[in-house]
Chemist: 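Please find one structure pasted underneath; my questions will follow.
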Amino acid sequence: QVQLVESGGGLVQAGGSLRLSCAASGRTFSNYRIGWFRQAPGKEREFVSSISGSGGVTRYADSVKGRFTISRDNNRNTVYLQMNSLKPEDTAVYYCAAALATSQYSYWGRGTQVTVSS
């Protein structure tokens with residue numbers, strides 16, 4: 001099991017940058033695949049990005065590819081989401097989640113609000 005806490009959200013103007021952090025508890029952090037998801041009011045939660053336990057495999061939604069970069073520091077039990085060239089449509093609550101192997105994401109943080117103004 002793992003507990004996750006997101007941070008780094010805030011208000012930024014279009015074209016700006018923001019870095020989100022997902023801090024995890026436990027000593028088995030490197031065993032977990034970590035994903036970032038986001039949800040805007042009235043919309044379903046959508047996948048943003050993910051990174052494998054070792055950091056060797058990363059994936060991005062088409063909507064953020066080229067703008068967002070996911071990384072992890074297993075020594076600090078933290079996953080980062082660097083968000084550049086932010087757009088108003090990126091506005092959402094961002095959640096990080098953890099999964100073992102090919103399992104579905106079953107551990108979730110409480111989220112951090114990202115608001116991009118135009």
Side-chain angles (χ1 to χ4, degrees):
Q1 299 188 49
V2 62
Q3 292 182 319
L4 308 172
V5 179
E6 303 94 337
S7 63
L11 194 156
V12 64
Q13 65 182 21
S17 298
L18 212 57
R19 189 181 75 162
L20 305 183
S21 297
C22 175
S25 64
R27 296 181 177 179
T28 60
F29 180 67
S30 63
N31 293 333
Y32 290 90
R33 180 177 78 257
I34 303 296
W36 283 99
F37 297 78
R38 65 188 183 186
Q39 186 170 27
K43 298 182 180 179
E44 292 194 39
R45 183 176 59 209
E46 66 173 334
F47 170 81
V48 176
S49 183
S50 68
I51 187 167
S52 62
S54 66
V57 179
T58 59
R59 295 185 176 89
Y60 299 91
D62 289 341
S63 59
V64 307
K65 193 171 185 178
R67 299 188 297 121
F68 291 9
T69 302
I70 191 170
S71 62
R72 69 190 296 160
D73 185 343
N74 287 338
N75 292 324
R76 295 182 176 180
N77 280 15
T78 303
V79 168
Y80 305 96
L81 184 67
Q82 179 67 46
M83 305 185 295
N84 298 326
S85 302
L86 284 163
K87 305 174 180 179
E89 49 263 46
D90 294 319
T91 296
V93 176
Y94 283 70
Y95 302 89
C96 65
L100 287 172
T102 58
S103 301
Q104 293 191 36
Y105 294 98
S106 55
Y107 305 98
W108 296 81
R110 293 184 178 182
T112 185
Q113 177 70 48
V114 172
T115 302
V116 184
S117 64
S118 59

Chemist: Roughly how far apart are Leu100 CG and Gln1 CD, rounded to 0.5 Å?
Modeler: 10.5 Å
Chemist: Atom CD of residue position Gln3 - does it have more than 12 heavy atoms of other residues, nucleotides or ligands inside 6.0 Å?
Modeler: no
Chemist: Just by distance, do the side chain of Arg38 and the backbone of Phe47 share a donor-acceptor pair under 3.5 Å?
Modeler: no
Chemist: Closest heavy-atom contact between Ala24 and Val2?
Modeler: CB-CG2, 3.6 Å
Chemist: Do Asn31 side-chain atoms and Gly53 backbone N/O form a donor-acceptor pair below 3.5 Å?
Modeler: no
Chemist: Take Val57 and Ile51 through the test side-chain contact (heavy atoms from CB on, under 4.5 Å) and record every step on the way to the result.
Modeler: CA-CA 6 Å; Val57 179; Ile51 187 167; over 6 Å; no
Chemist: Check whether any side-chain heavy atom of Phe68 lies under 4.5 Å from a side-chain heavy atom of Ser49, and answer yes or no.
Modeler: no
Chemist: So which atom in Ser118 and which in Pro88 form the shortest heavy-atom distance, rounded to 0.1 Å?
Modeler: CB-CG, 3.9 Å
Chemist: Once side-chain hydrogen bond (donor to acceptor under 3.5 Å, both in side chains) is applied, do any residues pair with Gln82, and if so which ones, sequence neighbours excluded?
Modeler: Asn84
Chemist: Where is the tightest heavy-atom contact between Ser17 and Ser85, given as atom of each residue plus distance?
Modeler: OG-N, 4.4 Å
Chemist: Assigning hydrophobic clusters by single linkage (Ile, Leu, Val, Met, Phe, Trp, Tyr; side-chain heavy-atom cutoff under 4.5 Å), is Tyr94 placed with Leu18?
Modeler: yes
Chemist: Has Ser30 got a side-chain atom pairing as donor or acceptor with Thr28's backbone, closer than 3.5 angstrom?
Modeler: no
Chemist: Within this structure, what is the OG1-CG distance for the pair Thr69 and Leu81, rounded to the nearest 0.5 Å?
Modeler: 8.0 Å
Chemist: Name all pairs fulfilling the side chain to side chain donor-acceptor pair (under 3.5 Å) condition that reach into residues 98-110, sequence neighbours left out, sorted by first residue then second.
Modeler: Arg33-Tyr105
Chemist: Below 4.5 Å, heavy atoms only, C-beta onward: do Tyr95 and Glu6 meet side chain to side chain?
Modeler: yes
Chemist: For the residue pair Thr112 and Ser7, establish whether any side-chain heavy-atom pair is separated by less than 4.5 Å.
Modeler: no
Chemist: On a heavy-atom basis, which atom in Ile34 and which in Cys96 lie closest, and how many Å separate them?
Modeler: CG2-CB, 4.5 Å
Chemist: Answer yes or no: is there a donor N or O on one side and an acceptor on the other, between the side chain of Arg67 and the main chain of Ser63, under 3.5 Å?
Modeler: yes
Chemist: Would you indicate whether the side-chain heavy atoms of Phe29 and Thr78 approach each other to under 4.5 Å?
Modeler: no
Chemist: With sequence neighbours excluded, tell me which residues meet side chain to side chain contact (heavy atoms under 4.5 Å, CB included) with Lys65.
Modeler: Tyr60
Chemist: For the side chain of Arg72 and the backbone of Ser52, is there at least one donor-acceptor N/O pair under 3.5 Å apart?
Modeler: yes
Chemist: Identify the two heavy atoms, one from Leu11 and one from Ser117, that lie closest to each other, and give their separation to 0.1 Å.
Modeler: CD2-OG, 4.1 Å
Chemist: Do Ser50 and Trp36 have side chains that approach each other closer than 4.5 Å (heavy atoms only, starting at C-beta)?
Modeler: no
Chemist: Answer yes if Met83 and Leu4 sit in the same cluster of Ile, Leu, Val, Met, Phe, Trp and Tyr residues linked by side chain heavy atoms under 4.5 Å apart, and no otherwise.
Modeler: yes
Chemist: Please confirm whether the backbone N or O of Thr115 pairs with a side-chain atom of Thr91, one donor and one acceptor, at under 3.5 Å?
Modeler: no
Chemist: Does any non-hydrogen side-chain atom of Val114 lie less than 4.5 Å from one of Leu20?
Modeler: yes
Chemist: Where is the tightest heavy-atom contact between Val64 and Val48, given as atom of each residue plus distance?
Modeler: CG2-O, 3.6 Å
